[in-house]
Q: 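Please read through the structure below; I'll follow up with questions.
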Amino acid sequence: MSNVDLKLSDPDALPIEVDLEHAAPHGYSSNKDAYLRRLKRIEGQVRGIARMVEDDKYCIDILTQVAAATKALHAVSLGLVEEHIGHCVVGAASEPDPQARAEQIDAKVKEATDAIGRLLR
């Protein structure tokens with residue numbers, strides 16, 4: 001994987017990695033428009049939270065909105081994990097060579113479990 005250097009406003013943010021080996025199509029491709037709509041809605045929520053901070057709104061009200069945005073991101077994340085398992089892991093299982101199949105399945109399952117681990121931190 002190669003790291004992509006992006007300017008982020010949060011200096012503590014993790015670097016974003018782009019896996020150029022897995023370009024497309026992805027398991028989520030058939031639902032891409034729905035994911036984009038959800039992410040744009042979440043983006044609007046986050047902008048609203050920033051406005052609340054700028055406007056010195058009550059901290060509990062801000063935290064309530066942060067929780068809602070977090071829950072929405074988790075829903076997107078779980079959908080992507082499900083798509084990964086249903087497309088990428090199942091796709092690896094269709095490899096005709098038994099040795100390669102086992103290696104690909106292990107790699108795809110590890111990707112999923114690592115992603116789930118990152119979500120739970």
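Given the structure is predicted, the values throughout are model-derived calculations rather than measurements.
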Q: Nearest 0.5 Å please: distance from the CD1 atom of I116 over to the CZ atom of R121.
A: 12.5 Å
Q: Kindly compute the distance separating CG (D97) from CD (E103), expressed to the nearest 0.5 Å.
A: 8.0 Å
Q: Could you list the donor-acceptor pairs under 3.5 angstrom formed between side-chain atoms of residues 36-54 and any protein atom two or more places apart in sequence or on another chain?
A:
| unit_1 | atom_1 | unit_2 | atom_2 | d |
| --- | --- | --- | --- | --- |
| E43 | OE2 | R47 | NH2 | 2.8 |

Q: Determine the minimum heavy-atom distance between R101 and E95, stating which atoms define it.
A: NH1-O, 2.7 Å
Q: Could you go step by step and tell me if D61 and K57 meet the salt bridge (Lys or Arg N to Asp or Glu O under 4.0 Å) rule?
A: CA-CA 7 Å; D61 294 339; K57 298 295 182 184; over 6 Å; no
Q: Rounded to the nearest 0.5 Å, what's the gap from OG on S30 to CD on E83? Could you check?
A: 5.5 Å
Q: Would the distance check show the side chain of H84 and the main-chain N or O of E111 forming a donor-acceptor pair, the cut-off being under 3.5 Å?
A: no
Q: Roughly how far, to the nearest 0.5 Å, is the CG atom of D55 from the CD1 atom of I62?
A: 9.0 Å
Q: Only pairs under 3.5 Å count here: list side-chain donor-acceptor contacts from residues 66-82, not counting sequence neighbours, and write none if there are none.
A:
| unit_1 | atom_1 | unit_2 | atom_2 | d |
| --- | --- | --- | --- | --- |
| T70 | OG1 | V66 | O | 2.8 |
| H74 | ND1 | T70 | O | 3.3 |
| S77 | OG | L73 | O | 2.9 |

Q: To the closest 0.5 Å, what do you measure between CD1 (I60) and CD (Q65)?
A: 12.5 Å
